[in-house]
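No experiment lies behind these values; they were computed from the predicted model shown.
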Amino acid sequence: MFDEIDENYDPVLFDGIIDFDPNTMYIEQNSNDVIDSLKGWLIDFSPSQFETESTDSLNDFSEVPSYDVPLNRKEWLVEDLISKRQRSPRLFEFLILLLGKPQYICYASFIDKSKGIFLIHQPQKVAELWQAVKSRQSNQRMTYDKFARAIRWYYKSNIMQKTNTRYTFQFSSKTLKNYFLDENNNTKMCLSS
DNA sequence: CTCGGAAGTC
DNA sequence: GACTTCCGAG
């Protein structure tokens, strides 16, 4: 059962087996998935600057605990709309997925979701995660520099638009419309596998 | 850091 | 085609 954790995962269901102190957390199952989901959950519900959209003192994540999230390849697959088969995501799809995962909030998060503007808090980690998810065989290390160049590539095709701000990127309204909002402007997550 | 040209890879 | 790699310029 612990292999099937997904968006519907409800940590409350696991109350019975978890000692809820994040530092001395004890879990009966030897499952990293559960631990990761839990960490994401804990962060998600902690009083945070993440939800509030304060424009000043904004996004000082220096005090936010950071940890490596073990890669689970399965959760990064998307269903190809044409072939209906699972495949690894394109870069912009990877970004959408990343921004939707609470356990990765210390890697990157929206600063204005309605406009599709987000900030990358841990540039190098995001770049390495992208390389791992893409799993393109290369002897070289994916750097933030190259990762950012790939995003800049999207400016011409209007998948993303310039922000001219450090570590800050923005999806175009076209992308927003196609991948984030439904007809009623509610969030939709058609990329979830 | 950001931007975008140019060449290379899959 | 979709990046990846390298890089000069701002």
Revision key, fill the gap. In 5'-to-3' order, the base (B), backbone-only (S) or no-contact (-) status of each nucleotide in nucleotides 2-10 of chain B, using a 4.0 angstrom heavy-atom cut-off, is SBBB---BS
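Rounding to the nearest 0.5 Å places CZ of A/Arg149 at 12.5 Å from OG1 of A/Thr143.
Between A/Phe171 and A/Tyr179, a ring centre-to-centre spacing not shorter than 6.0 Å is recorded.
Put simply, the side chain of A/Tyr104 does not reach to within 4.5 Å of the side chain of A/Leu97, judged on heavy atoms. Under the 4.5 Å side-chain criterion, counting only non-hydrogen atoms from C-beta, A/Gln124 is in contact with A/Arg141.
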Review point. Please walk me through it: do A/Lys84 and A/Glu79 pass side-chain contact (heavy atoms from CB on, under 4.5 Å)?
Key: CA-CA 6 Å; A/Lys84 299 291 177 195; A/Glu79 186 185 310; 3.4 Å; yes
Exercise for review: Using the side-chain contact (heavy atoms from CB on, under 4.5 Å) rule, take A/Val69 and A/Lys101 through it: C-alpha gap first, then chi angles, then the decisive distance, then the call.
Suggested key: CA-CA 11 Å; A/Val69 182; A/Lys101 294 182 190 300; over 6 Å; no
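Using a 4.0 Å heavy-atom cutoff across all strands shown, A/Thr143 reaches no nucleic acid atom at all.
Counting only residues at least two apart or on different chains, the side-chain hydrogen bond (donor to acceptor under 3.5 Å, both in side chains) pairs with a member in residues 150-174 of chain A are A/Ser172-A/Thr175.
Using cut-offs of 30° and 60° on the angle between ring planes, the pair A/Tyr144 and A/Phe147 is tilted.
Between the CD atom of A/Gln124 and the C1' atom of B/dC1 there is a distance of 15 Å, given to the nearest Å.
Nucleotides of DNA chain C with any atom under 4.0 Å from a heavy atom of chain A span, from 5' to 3', C/dA2 to C/dC7.
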